[in-house]
S.K.: 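Below: one structure in structure tokens.
Computed from a predicted structure; not experimentally measured.
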Amino acid sequence: MNLINHDSVVKRMKPRLSKNSISKWIFFALTMFVLLILGVLLYRIFSQGLGYLDLQFLQSLPSRKPENAGVYAALIGTIWLMAVVAPVSLLLGVGTAIYLEEYAKENAITNFIKVNISNLAGVPSIVFGLLGLTVFVRALAFGTSVLAAGLTMSLLVLPVIIVASQEAIRAVPNQLREASFGLGATKWQTIVRIVLPAAIPGILTGGILALSRAIGETAPLVVLGMPLFLAFLPKTFFDMITVLPLQIYNWTGRPQAEFHALAAAGIIVLLVMLIIMNSIAVLIRNKFQKRY
């Protein structure tokens, strides 16, 4: 009887195991296909741009002659842009998430706000560019300045930071809050000393991913009318800038092959900046994960 049951189970399991094996190899093949495309792309970029990547390239201003052109103005402009985007988006995003998760009452209005914030995270970036053009460039008369570009990009990444911060705050166990209240701490003291330190790994992950998106976006800045070619450095937040994606976009539109190689070198610089940002986030996240 047991032998019959065993044979029956094996017979029933055989099609399921076959489907499982086929599915595994399909997913493996898809993963390898994606990695192959990524490898070809990286090989293409590094083979073209590595020969142009030197100290002169990093310290030279843009030029109409490819042998004299560099990425210095775009690199400094990107740093200026992040100097606006990072504090504005992180402060507003984390503050909004704290209010929605810790202070706001659960009602139809709160749920409506949360749903719309999540929907905003999927809005095309060019729509935020049109919003920035209407509000910051024209209505507030900031022009094509660092401030206008930074505030526009802050609006672009703000929904992502809010949603990531909400999830991180929501993941903090309620027992920690109750223990803090039991010791006599106020709501604000509990948030600052218990909730935020425990939620920092998740908040940083979402924040760095959002800032990485801001660094690589081109469409909103083109809509704002930011210059593609700029041979001087900004001195204040009301000066014009160009950034790495715009400089790369400008070079790829030139007919000379040398400018295409310069664009590849610019992409390598942009990749290095993203790797540094993500590495810092990983280090900080690991530090706080050991504590909480």
S.K.: Out of curiosity, does Ile22 fall in the hydrophobic cluster containing Leu30 (side-chain heavy atoms, cut-off under 4.5 Å, transitive links)?
M.R.: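 Shared cluster, yes.
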S.K.: Using every non-hydrogen atom in the two residues, find where Ala121 and Val160 come nearest and quote the distance to one decimal.
M.R.: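 Ala121 and Val160 have their closest heavy atoms at CB-CG2, 4.3 Å.
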S.K.: Might you point out which heavy atoms bring Ala148 and Leu224 nearest each other, and give the distance in Å?
M.R.: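 Result for this residue pair: O-CD1, 4.1 Å.
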S.K.: Would you call the rings of Trp25 and Phe28 parallel, tilted or perpendicular, where under 30° means parallel and over 60° means perpendicular?
M.R.: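 Correct class here is perpendicular.
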S.K.: Counting only heavy atoms not in Phe229 (residues, nucleotides, ligands), do more than 12 fall under 6.0 Å from its CZ?
M.R.: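 Yes.
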S.K.: Could you please spell out the steps behind the side chain to side chain donor-acceptor pair (under 3.5 Å) verdict for Ser23 and Asn20?
M.R.: CA-CA 5 Å; Ser23 300; Asn20 179 69; over 6 Å; no
S.K.: Which pairs pass ring pair (Phe, Tyr, Trp, His ring centres under 6.0 Å) with one or both residues in residues 74-95, sequence neighbours excluded?
M.R.: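 For residues 74-95, and leaving out neighbouring residues, the ring pair (Phe, Tyr, Trp, His ring centres under 6.0 Å) pairs sorted by first residue read Trp80-Phe237.
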S.K.: Does anything in residues 208-225 form a salt bridge (charged side-chain N to carboxylate O under 4.0 Å, His left out)? List the pairs, not counting sequence neighbours.
M.R.: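 Qualifying pairs: Arg213-Glu217.
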S.K.: Check the pair Leu151 / Leu140 against side-chain contact (heavy atoms from CB on, under 4.5 Å), numbers first and verdict last.
M.R.: CA-CA 12 Å; Leu151 293 176; Leu140 298 178; 5.7 Å; no
S.K.: Does any non-hydrogen side-chain atom of Leu61 lie less than 4.5 Å from one of Leu233?
M.R.: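 Sidechains of Leu61 and Leu233: in contact.
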S.K.: Over all heavy atoms of both residues, which pair between Val85 and Ala214 is shortest? Give the atoms and the distance, please.
M.R.: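 Looking at all heavy atoms of both residues, the closest pair is CG1-CB, 4.2 Å.
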S.K.: List the atom of Arg254, the atom of Phe259, and the distance in Å for their closest heavy-atom pair.
M.R.: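 Result for this residue pair: NH1-CZ, 3.4 Å.
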S.K.: Would you say Ser165's side chain and Ala97's backbone share a donor-acceptor pair under 3.5 angstrom?
M.R.: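 Absent.
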S.K.: What pairs of donor and acceptor atoms, side-chain ones from residues 264-280 against any protein atom, are under 3.5 angstrom apart with sequence neighbours left out?
M.R.:
| from | atom 1 | to | atom 2 | distance (Å) |
| --- | --- | --- | --- | --- |
| Asn278 | ND2 | Leu274 | O | 2.6 |
| Ser279 | OG | Ile275 | O | 2.7 |

S.K.: Count the heavy atoms of every other residue, nucleotide or ligand shown that sit under 6.0 Å from CD1 of Ile109, and state whether that count exceeds 12.
M.R.: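 Count not over threshold, so no.
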S.K.: Please answer whether the main-chain N or O of Thr236 pairs with a side-chain N or O of Asp239 as donor and acceptor at a distance below 3.5 Å.
M.R.: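 Looks like yes, one N/O pair under 3.5 Å.
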S.K.: Donor-acceptor pair, Ser21 side chain versus Ser18 backbone, under 3.5 Å?
M.R.: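 Checked: no pair found.
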S.K.: Considering non-hydrogen atoms only, spot the tightest contact between Pro227 and Thr242 and give its length.
M.R.: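 Looks like O-OG1, 3.1 Å.
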S.K.: Looking at every non-hydrogen atom in both residues, tell me the closest pair between Pro234 and Ile241 and how far apart they are.
M.R.: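 For Pro234 versus Ile241, the nearest heavy atoms are CG-CG2, 3.5 Å.
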S.K.: Same hydrophobic cluster for Phe232 and Leu58, using side-chain heavy-atom links shorter than 4.5 Å among ILVMFWY?
M.R.: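 Each belongs to a different hydrophobic cluster.
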S.K.: Let me check something: do Val157 and Met82 share a hydrophobic cluster, defined by ILVMFWY side-chain heavy atoms less than 4.5 Å apart, either directly or through other members?
M.R.: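 Linked, Val157 and Met82 end up in one cluster.
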S.K.: Is it the case that over 12 heavy atoms from other parts of the model lie below 6.0 angstrom from the OH atom of Tyr99?
M.R.: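 At most 12 heavy atoms, drawn from other residues, nucleotides or ligands, come within 6.0 Å of this atom.
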S.K.: Students often mix this up, so state it plainly: with edges at 30° and 60°, are the rings of Phe142 and Phe238 parallel, tilted or perpendicular?
M.R.: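 If you compare the ring of Phe142 with that of Phe238, the planes turn out perpendicular.
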S.K.: Going only through I, L, V, M, F, W and Y residues with side-chain contacts under 4.5 Å, is there a path from Met240 to Val137?
M.R.: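 They do not share one cluster, since no chain of ILVMFWY contacts under 4.5 Å joins Met240 to Val137.
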S.K.: Do Arg177 and Ile194 come close enough that some side-chain heavy atom pair is under 4.5 Å?
M.R.: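 Of all side-chain heavy-atom pairs linking Ile194 with Arg177, none is under 4.5 Å.
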S.K.: Report the C-alpha separation of Tyr103 and Ile191 in whole Å, then their side-chain angles, then the decisive distance to 0.1 Å, and conclude whether the side-chain contact (heavy atoms from CB on, under 4.5 Å) test is met.
M.R.: CA-CA 11 Å; Tyr103 290 103; Ile191 292 172; 3.5 Å; yes
S.K.: Using the side-chain contact (heavy atoms from CB on, under 4.5 Å) rule, take Lys114 and Glu101 through it: C-alpha gap first, then chi angles, then the decisive distance, then the call.
M.R.: CA-CA 10 Å; Lys114 290 181 178 180; Glu101 292 299 322; 3.7 Å; yes
S.K.: Could you give me the CA-CA distance, side-chain angles and deciding distance for Val71 and Phe57, then say whether side-chain contact (heavy atoms from CB on, under 4.5 Å) is met?
M.R.: CA-CA 6 Å; Val71 78; Phe57 176 75; 3.7 Å; yes
S.K.: When rounded to the nearest 0.5 angstrom, what is the spacing between CZ in Phe181 and NZ in Lys187?
M.R.: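 Answer rounded to 0.5 Å: 4.5 Å.
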S.K.: Got more than 12 heavy atoms from elsewhere within 6.0 Å of CZ, Arg170?
M.R.: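 More than 12 heavy atoms, drawn from other residues, nucleotides or ligands, come within 6.0 Å of this atom.
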S.K.: Does Val115 share a hydrophobic cluster with Ile169, counting links as ILVMFWY side-chain heavy atoms below 4.5 Å and allowing steps through other members?
M.R.: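 In one cluster: no.
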